[in-house]
Amino acid sequence: MELHIGIQNITRELTYDVDMSPEEVEEALEKAIADNGIFRVEDSKGRKAYVPVTTLAYVSLGEDEPRRVGFGHA
């Protein structure tokens, strides 16, 4: 699943391909917000991001879309 993290006052968003379910991401985010702590996520390659919830602008979840090959795809 693809995860997009927006950070306040930063124009570029962080994009991660994670092996977590949407429910797991929501649970981790809700816990971090409740604790006023750090939202931690690890991507499928083992890279980790630690983002203080006070700097979060948004977190967006999306399903991976299969790559299309060839012409004529709408």
Side-chain angles (χ1 to χ4, degrees):
M1 176 178 53
E2 200 168 86
L3 177 70
H4 301 275
I5 302 172
I7 300 174
Q8 297 175 14
N9 303 318
I10 304 292
T11 57
R12 189 171 178 197
E13 68 183 11
L14 302 174
T15 303
Y16 288 92
D17 185 25
V18 297
D19 294 329
M20 300 167 69
S21 70
E23 293 80 20
E24 291 172 320
V25 172
E26 287 179 30
E27 184 179 315
L29 182 59
E30 287 173 2
K31 183 177 182 329
I33 291 171
D35 296 342
N36 199 23
I38 295 177
F39 177 56
R40 179 188 169 278
V41 67
E42 184 174 344
D43 73 359
S44 57
K45 295 180 181 178
R47 295 180 294 183
K48 297 176 185 171
Y50 298 87
V51 182
V53 294
T54 56
T55 64
L56 281 178
Y58 63 88
V59 175
S60 174
L61 303 170
E63 292 295 320
D64 289 334
E65 185 175 313
R67 298 184 189 266
R68 297 182 180 180
V69 178
F71 297 97
H73 291 287

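Quick note: numbers below take in every heavy atom, side chains included, and nothing from hydrogens, waters or symmetry partners. This structure is a prediction, so every number in the text was calculated from the model and none was measured.
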side-chain contact (heavy atoms from CB on, under 4.5 Å), that's the test. Do Leu3 and Leu61 meet it? Break it down for me.
CA-CA 5 Å; Leu3 177 70; Leu61 303 170; 3.2 Å; yes
Open item on the list: Between Leu29 and Leu56, is the side-chain contact (heavy atoms from CB on, under 4.5 Å) condition met? List the steps.
Closed with: CA-CA 10 Å; Leu29 182 59; Leu56 281 178; 3.7 Å; yes
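Atom OG of Ser44 is separated from atom CD of Glu2 by 10.5 Å, given to the nearest 0.5 angstrom. Atoms CZ and CG, on Arg47 and Asp17 in that order, are 9.0 Å from each other to the nearest 0.5 Å. Here the CD1-CD distance, from Ile10 to Gln8, works out to 10.0 Å after rounding to the nearest 0.5 Å. Distance CD1/Ile38 to OG1/Thr54: 9.0 Å, rounded to 0.5 Å.
Residues Val51 and Leu14 are in side-chain contact: their nearest non-hydrogen atoms beyond the backbone lie under 4.5 Å apart. The shortest distance between side-chain heavy atoms of Phe39 and Thr55 does not fall below 4.5 Å.
In plain terms, the two heavy atoms of Lys48 and Tyr16 that are nearest each other are O-OH, 4.5 Å. Here the closest heavy-atom approach between residue Ala32 and residue Val53 is recorded as CB-CG1, 3.6 Å.
Partner Glu24 forms a side-chain contact (heavy atoms from CB on, under 4.5 Å) with one of Glu26, Met20, Glu27 and no other, that one being Met20.
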